[in-house]
Amino acid sequence: MSASTDRVLVVDRPGHAEIRHLPRPDAPVVVQTLASGVSAGTELSFYTGTNPALHARFDADLGLFRRDEPATGYPVTRLGYMEVARITALGTPVPGLEVGATVAMTYGHRSGWAADPERERIVALPPDLDPLLGIYVAHMGPICANGLLHAAADRVGTQVASLGDGVRGLRVAVVGAGVVGLLCALFARHHGAAEVVVVDPTPGRRAAAAALGADVLDPDAGDPALELKRRWRHGPGDRGADVVLQCRGRSAALATALRLCRPQATVVDLAFYGDDAAAVRLGEEFHHNGLGIRCAQIGRVPRGTAPGWDRDRLSAETVDLLRAHGAAVREHLVTDVLPLDAAPALYDDLQRRARPVLQAVLSPC
């Protein structure tokens, strides 16, 4: 390890986070953090102690969480995956990178980092992009783009030419208006969906969705499935959404997503669930309408599409989206910009639902 240290946000036990000085790795690409976006759902699962990685080791070879082996547990020293940084030193030449360049990376909430470009993605950001919006380019934007890629593969198979292949001219429902849901809705609009409706119970989040050009429904004001199935008729016994993107980390939201589908449609699921999913009720609409659920997590693209759709292409799709809609994203998604020192109090507020945060950004770090 090098002698250098960085200020790092650490969760050392459930309900407690603090800033510590931790060593910086010895690696050739040294960066100073400009902004670090908070992914509230994932990060709060570590803060509250509900993340499965705290209690079981994930065996990547078997694809299983192993409760018969020790988990990493606390302290959690790498929280977050939405960093924007400036390169301050290059110990070895790296094509496309230079000292002073602004880049997107995924190393967690800390004031600086040193990366090995052979092991970590370093995405150079174009000079015409608002650097703060670069928080979406390395990971969060590709997560959402991958949702549309799964919808496209479900429709056209492995020969996906555009993210629009899964939504163009179609009626799209998005369940959940957090950052993932809002970016998915924006991607669907950007790629030519005939209609996009966002379903969320929170007034402020519905307002953000509407400001980004989507129609909105409040599931607490009436049954959104009745509303959309009455609105979207394809033929006798064939009503509902062509595509449903499920982006809310609650099992009841997945149950809602299934009820929005037209027969034989597929729910593309981008959510992370912390409960036992008892409310999904797989014996009802899922069974009777012959529906499908596709998990669209960023760890893999749809089978057969990898040659044309790697992570770099999904990042490029994110940059295109932000170039077209960046001003609206900055205005309606980014609700809080705070210094790194404020992060422990922010986690506490988020856990208690004491403030209506949509996208928090730690800047400067």
Could you give the distance from [atom1] ([X]) to [atom2] ([Y]), rounded to the nearest 0.5 Å?
{"X": "Thr72", "Y": "Phe58", "atom1": "OG1", "atom2": "CZ", "result": "13.0 Å"}
{"X": "Arg248", "Y": "Leu254", "atom1": "CZ", "atom2": "CG", "result": "12.5 Å"}
{"X": "Ser111", "Y": "Asp6", "atom1": "OG", "atom2": "CG", "result": "4.0 Å"}
{"X": "Leu321", "Y": "Leu186", "atom1": "CG", "atom2": "CG", "result": "4.5 Å"}
{"X": "Leu245", "Y": "His150", "atom1": "CG", "atom2": "NE2", "result": "11.5 Å"}
{"X": "Phe187", "Y": "Asp320", "atom1": "CZ", "atom2": "CG", "result": "8.5 Å"}

Using side-chain heavy atoms (C-beta onward) and a distance below 4.5 Å, is [X] in contact with [Y]?
{"X": "Val197", "Y": "Val172", "answer": "no"}
{"X": "Arg313", "Y": "Arg311", "answer": "no"}
{"X": "Val280", "Y": "Tyr273", "answer": "no"}
{"X": "Asp215", "Y": "Val198", "answer": "no"}
{"X": "Ile122", "Y": "Leu97", "answer": "yes"}
{"X": "Thr318", "Y": "Leu183", "answer": "no"}
{"X": "Leu132", "Y": "Val361", "answer": "yes"}
{"X": "Leu133", "Y": "Leu125", "answer": "no"}

Is the backbone N or O of [Y] less than 3.5 Å from a side-chain atom of [X], with the two atoms forming a donor-acceptor pair by type?
{"X": "Arg352", "Y": "Ala354", "result": "no"}
{"X": "Thr88", "Y": "Gln32", "result": "no"}
{"X": "Thr42", "Y": "Ser39", "result": "no"}
{"X": "Lys229", "Y": "Ala241", "result": "no"}
{"X": "Gln359", "Y": "Leu333", "result": "no"}
{"X": "Thr92", "Y": "Pro28", "result": "no"}
{"X": "Asp59", "Y": "Asp61", "result": "yes"}
{"X": "Glu118", "Y": "Glu120", "result": "no"}
{"X": "Arg294", "Y": "Pro302", "result": "no"}
{"X": "Arg262", "Y": "Gly240", "result": "no"}

Just checking, is any N or O donor in the side chain of [X] or [Y] under 3.5 Å from an acceptor N or O on the other one?
{"X": "Tyr107", "Y": "Thr33", "value": "yes"}
{"X": "His109", "Y": "Ser36", "value": "yes"}
{"X": "Tyr347", "Y": "Glu43", "value": "yes"}

Output yes when [X] and [Y] qualify as a salt bridge under the 4.0 Å nitrogen-oxygen rule, no when they do not.
{"X": "Asp218", "Y": "Arg206", "result": "yes"}
{"X": "Asp165", "Y": "Arg155", "result": "no"}
{"X": "Arg171", "Y": "Asp242", "result": "no"}
{"X": "Asp130", "Y": "Arg330", "result": "yes"}
{"X": "Asp312", "Y": "Arg121", "result": "yes"}
{"X": "Arg323", "Y": "Asp128", "result": "yes"}

May I ask you to check whether over 12 heavy atoms, not counting those of [X], lie within 6.0 Å of atom [atom1]?
{"X": "Arg86", "atom1": "CZ", "answer": "no"}
{"X": "Glu18", "atom1": "CD", "answer": "yes"}
{"X": "Arg300", "atom1": "CZ", "answer": "no"}
{"X": "Gln264", "atom1": "CD", "answer": "no"}

Tell me whether the NZ or CZ atom of Arg78 lies within the 45° cone about the ring axis of Trp113 and under 6.0 Å from its centre. yes
His325 and ring-ring contact (aromatic ring centres under 6.0 Å, His included): which single residue from His190, His191, His332 fits? His190
Step-by-step side chain to side chain contact (heavy atoms under 4.5 Å, CB included) determination, Val174 to Val199: CA-CA 6 Å; Val174 178; Val199 180; over 6 Å; no
Test side chain to side chain contact (heavy atoms under 4.5 Å, CB included) on Asp336 and Arg355; report intermediate values, then the result. CA-CA 10 Å; Asp336 297 73; Arg355 58 195 297 176; 2.9 Å; yes
If I compare all heavy atoms of Ser162 with all of Arg168, which pair ends up nearest, and what's the gap? OG-NH2, 3.4 Å
Report the residue from Leu129, Ile143, Val179 that forms a side-chain contact (heavy atoms from CB on, under 4.5 Å) with Tyr136. Val179
Do you reckon Leu44 sits in the same ILVMFWY cluster as Ile19, going by side-chain contacts under 4.5 Å, direct or chained? yes
Are Val30 and Val99 co-members of a hydrophobic cluster defined by side-chain heavy atoms under 4.5 Å apart? no
